[in-house]
Amino acid sequence: MPGISECKKLPLDKKQIAKVPNRPAVDITAPAPFQSNPNLQSKAVDWKSWPYTDGSCQVQDGKTVIGAGVYHPMSDSKNLVEPNGTGITKTIGRAELPAIAAALTHKHTHIATDSLSSLHQLRKQI
């Protein structure tokens, strides 16, 4: 497949840690500032009734692993979704869509996701 060989030359993602002067020690929590604008309001008043979906793709011991989950704050339910996938289908998109599908399966009509790509794919199918 053209282009794949170029991608293999890229360095693997690594956890980046910045060393910042005057940063609090690890065991000390910095105080959080108060809201800058007291007139700010939540866009979704009933946000606890929405399920939140997310997918992940990472390399563990040289193998690509994908997974996904659905969290519903009102019921405090957490569900692991195993999207499967083999070879080049182990992607973040492959992980995000099954999480959204799992939320839809449980009759949720409002779903929070951070995957704009998944939203575009769903809109194409509707």
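If you read the sequence from its start, that first residue is 1, and numbering goes on from there.
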Minimum-distance pair of heavy atoms, taken over all atoms of I111 and W50
C-CE3, 4.1 Å
Can you tell me how far CZ of R123 sits from CG of L116, rounded to the nearest 0.5 angstrom?
10.5 Å
Nearest atoms (heavy-atom pairs only) where G55 meets I92:
O-CD1, 3.2 Å
Walk me through it: do H72 and N79 pass the test side-chain contact (heavy atoms from CB on, under 4.5 Å)?
CA-CA 9 Å; H72 192 251; N79 298 298; over 6 Å; no
Could you pull out the closest heavy-atom pair between S49 and M74, with the gap in Å?
CB-CE, 3.5 Å
side-chain contact (heavy atoms from CB on, under 4.5 Å), that's the test. Do C57 and T64 meet it? Break it down for me.
CA-CA 7 Å; C57 179; T64 303; 3.7 Å; yes
What is the minimum heavy-atom distance between P83 and V81, and which atoms define it?
CD-O, 3.1 Å
Nearest atoms (heavy-atom pairs only) where A68 meets A99
CB-CB, 3.7 Å
How far does NE2 of H106 sit from OG of S75, to the nearest 0.5 angstrom?
9.5 Å
How many angstroms lie between atom CG of L97 and atom CG of L119, to the nearest 0.5 angstrom?
9.5 Å
To the nearest 0.5 Å, how far apart are OG1 in T109 and NZ in K107?
11.5 Å
Under the side-chain contact (heavy atoms from CB on, under 4.5 Å) rule, what do T113 and Y52 come out as? Steps first, then yes or no, please.
CA-CA 6 Å; T113 181; Y52 291 77; over 6 Å; no
